[in-house]
Amino acid sequence: MGTAQVAEAPRRPPRSKRSLRTRRLAGLIALVVLLVVVVFLSIALGTKVIPLSNVWSALVSPTGTEDDIVIRSLRIPRTVLGVLVGAALGLAGALIQGHTRNPLADPGLLGVNMGAAFFVVVGIYVFGVTTLFGYVWFAFAGAMVASVAVFLLGAAGGRGSPTPVTLALAGAALTFLLSGLVSAIILIDTDTLDAYRFWNVGSLAGRDAEIAGQVVGFLVVGTLIALASAPALNALSLGEDVARSLGQSVRRTRVLGVVAITLLAGGATAACGPIGFVGLVVPHVVRAFTGPDYRWLLPASGLMGAVLLLAADVVGRLVARPGELQVGIVLALVGAPFFIALVRRRKMMSI
């Protein structure tokens, strides 16, 4: 008699892996829901009180009233830019912490912020630039030049291949140098100081759809490069030797990482000025449910960055009516104590 063949049941992943995947999916869904909520709040709330019925009318069937103009010409472009910049800063922070294996790293570590600041000051002092339109291109050029310089210096220090240590040291050295040059220029010219302070505070106020249109291409390309580099970053987190044994080119991964960070952080800084805290703390928060897997960590950091920046912008508009607090100030005042409390309450997930 022939032995009956029993169909083999498909293998199911271990319970721990299933629960981790469920937690990651739940976290991403929660971030998407939060983003939808803060986008609506950013459009509905501001220094001018607008009834919700008028907000809905402006979105669905505008008639050209004053409320419609405020919603469609000011708040919607500001909200879109906030989503773009917040997501870019969150992604850039996760990337630079992964590439440097430094939990305290943020995009400023590569000299992006100070490179942008130096070129903006030069644009004001030498070329007489006085508009946000002009600041954007000078700031982005400065971020690009600073990032390339840091990478070249880091590669020289690492005998041809930049390492996390040489990148961090080169970035710190260039930041101090450019900071001194910026201070020298603004001290000898008060007009430059006044114009620079307006840009340097970090804000979404006064930015229109034209500003978003100038940087969106750079941010999209940087996002695509960042997401595509997730598998390589996972391998790199195990060590450079292990990454090489797995077929990854460490040099190419570093170059693509610097390009992505420059496009993301440079574009965000050019559009809104230097905004701290987002790139530092966002990866730590999302790592609590994504773990160290960059295939989940990067998109979650982008979503969390957008949520955090928009929420801070809404708070700044509400607490100082009829004026407003700039988003960079709100993040500094609220974010720093929050991060300290987070560090004290729980152990940070490892890079």
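Values reported hereafter were calculated over all heavy atoms of this structure, with side chains retained and with hydrogens, waters and symmetry mates removed.
Ring orientation note: the planes of Trp137 and Phe133 are nearly perpendicular, at an angle over 60° on the 30°/60° scale.
Residues passing the side chain to side chain contact (heavy atoms under 4.5 Å, CB included) test with Thr130, sequence neighbours excluded: none. In this structure Val129 satisfies the side chain to side chain contact (heavy atoms under 4.5 Å, CB included) test together with Phe127, Tyr135, Phe138, sequence neighbours excluded. Applying the salt bridge (charged side-chain N to carboxylate O under 4.0 Å, His left out) rule to Asp208 yields no partners; only residues at least two apart in sequence or on another chain are considered. With sequence neighbours excluded, the residues satisfying side chain to side chain contact (heavy atoms under 4.5 Å, CB included) with Val32 are Leu303. The side chain to side chain contact (heavy atoms under 4.5 Å, CB included) test applied to Leu333 returns Ile329, not counting sequence neighbours.
Nearest heavy-atom pair, Ala235 versus Leu246, reported as atom, atom and distance to 0.1 Å: CB-CD1, 4.1 Å. Annotation for Phe289 and Leu31: closest pair CZ-CD1, 3.8 Å, computed over non-hydrogen atoms. Among all heavy-atom pairs drawn from Gly90 and Val282, the shortest one is CA-CG1, 4.2 Å. Taking all atoms of both residues into account, the shortest heavy-atom contact from Ala149 to Leu174 is CB-CD2, 4.1 Å. In this structure, Ile186 and Leu193 approach most closely via the heavy-atom pair O-CB, 3.7 Å. Heavy-atom minimum distance, Gly108 versus Asn113: CA-ND2, 4.0 Å.
Side-chain atoms of Arg75 never come within 3.5 Å of backbone atoms of Val70 as a donor-acceptor pair (strictly under, hydrogens ignored). A donor-acceptor pair under 3.5 Å is formed between the side chain of Asp68 and the backbone N or O of Thr63. Within the 3.5 Å criterion, the main-chain N or O of Asn234 finds a donor-acceptor partner in the side chain of Ser237. Proximity of a side-chain donor or acceptor of Ser229 to a complementary backbone N or O of Ala226 within less than 3.5 Å is detected. Formation of a donor-acceptor pair under 3.5 Å by the Arg23 side chain with backbone atoms of Thr290 is not found in this model. Proximity of a side-chain donor or acceptor of His99 to a complementary backbone N or O of Ala94 within less than 3.5 Å is not detected. Remark: side-chain polar atoms of Glu324 are not paired, donor with acceptor, to backbone N or O of Gly316 under 3.5 angstrom.
In this structure, CD on Gln214 lies 11.0 Å from CZ on Arg207, to the nearest 0.5 angstrom. Atom CG of residue Asp106 and atom CD1 of residue Ile275 lie 12.5 Å apart, to the nearest 0.5 angstrom. The distance from the OH atom of Tyr196 to the CG atom of Asp189 is 14.0 Å, given to the nearest 0.5 Å. Taking CG of Leu331 as the start and CG of Leu280 as the end, the distance is 11.5 Å to the nearest 0.5 Å. Going from atom CG of Leu20 over to atom CG of Asp293 covers 8.5 Å, rounded to the nearest 0.5 Å. Taken from CZ in Arg101 to CG in Leu236, the straight-line distance is 6.0 Å, to the nearest 0.5 Å.
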Verdict with reasoning, Ile261 to Leu110, per side chain to side chain contact (heavy atoms under 4.5 Å, CB included) = CA-CA 9 Å; Ile261 292 167; Leu110 286 185; 3.9 Å; yes

Stepwise side chain to side chain contact (heavy atoms under 4.5 Å, CB included) test for Val38 and Leu35 = CA-CA 5 Å; Val38 295; Leu35 182 58; 4.1 Å; yes

Trace of the side chain to side chain contact (heavy atoms under 4.5 Å, CB included) decision for Leu264 with Leu89 | CA-CA 7 Å; Leu264 292 167; Leu89 292 175; over 6 Å; no

Step by step, would you call Leu41 with Val37 a side chain to side chain contact (heavy atoms under 4.5 Å, CB included)?
-> CA-CA 6 Å; Leu41 293 177; Val37 172; 4.1 Å; yes

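No chain of hydrophobic side-chain contacts below 4.5 Å, direct or via other Ile, Leu, Val, Met, Phe, Trp or Tyr residues, connects Val49 to Val314. Follow the hydrophobic side-chain contacts under 4.5 Å out from Val286 and you never reach Val36; the two are in separate clusters. Under the 4.5 Å side-chain heavy-atom criterion for ILVMFWY residues, no single connected hydrophobic cluster contains both Phe40 and Leu84. If you chain together hydrophobic residues whose side chains sit under 4.5 Å apart, Leu298 and Leu224 fall into the same group. Cluster membership check: Ile29 does not share its hydrophobic cluster with Val285, using side-chain heavy-atom separations under 4.5 Å among Ile, Leu, Val, Met, Phe, Trp and Tyr.
Heavy atoms from other residues, nucleotides or ligands lying under 6.0 Å from CZ of Arg321 number more than 12.
Put simply, the side chain of Trp296 reaches to within 4.5 Å of the side chain of Arg21, judged on heavy atoms. By the 4.5 Å heavy-atom criterion applied to side chains, Pro231 and Tyr294 are not counted as neighbours. The side-chain heavy atoms of Asp191 and Tyr125, taken from C-beta on, include no pair separated by under 4.5 Å. Using a 4.5 Å heavy-atom threshold, the side chains of Leu153 and Thr166 count as separate. Contact annotation: the side chain of Pro274 approaches that of Asn200 to within less than 4.5 Å [non-hydrogen atoms, C-beta and beyond]. With a 4.5 Å cut-off on side-chain heavy atoms, Met304 and Leu34 do not count as touching. You'll find the side chain of Ile76 reaches within 4.5 Å of the side chain of Leu59, heavy atoms only. Contact annotation: the side chain of Val215 never approaches that of Phe140 to less than 4.5 Å [non-hydrogen atoms, C-beta and beyond].
For the pair Glu240 and Arg251, the salt-bridge criterion is not met [side-chain N within less than 4.0 Å of a carboxylate O].
Within the structure, side chain to side chain donor-acceptor pair (under 3.5 Å) contacts touching residues 297-317 (residues at least two apart or in different chains) are Ser42-Arg317, Arg78-Asp313, Asp313-Arg317.
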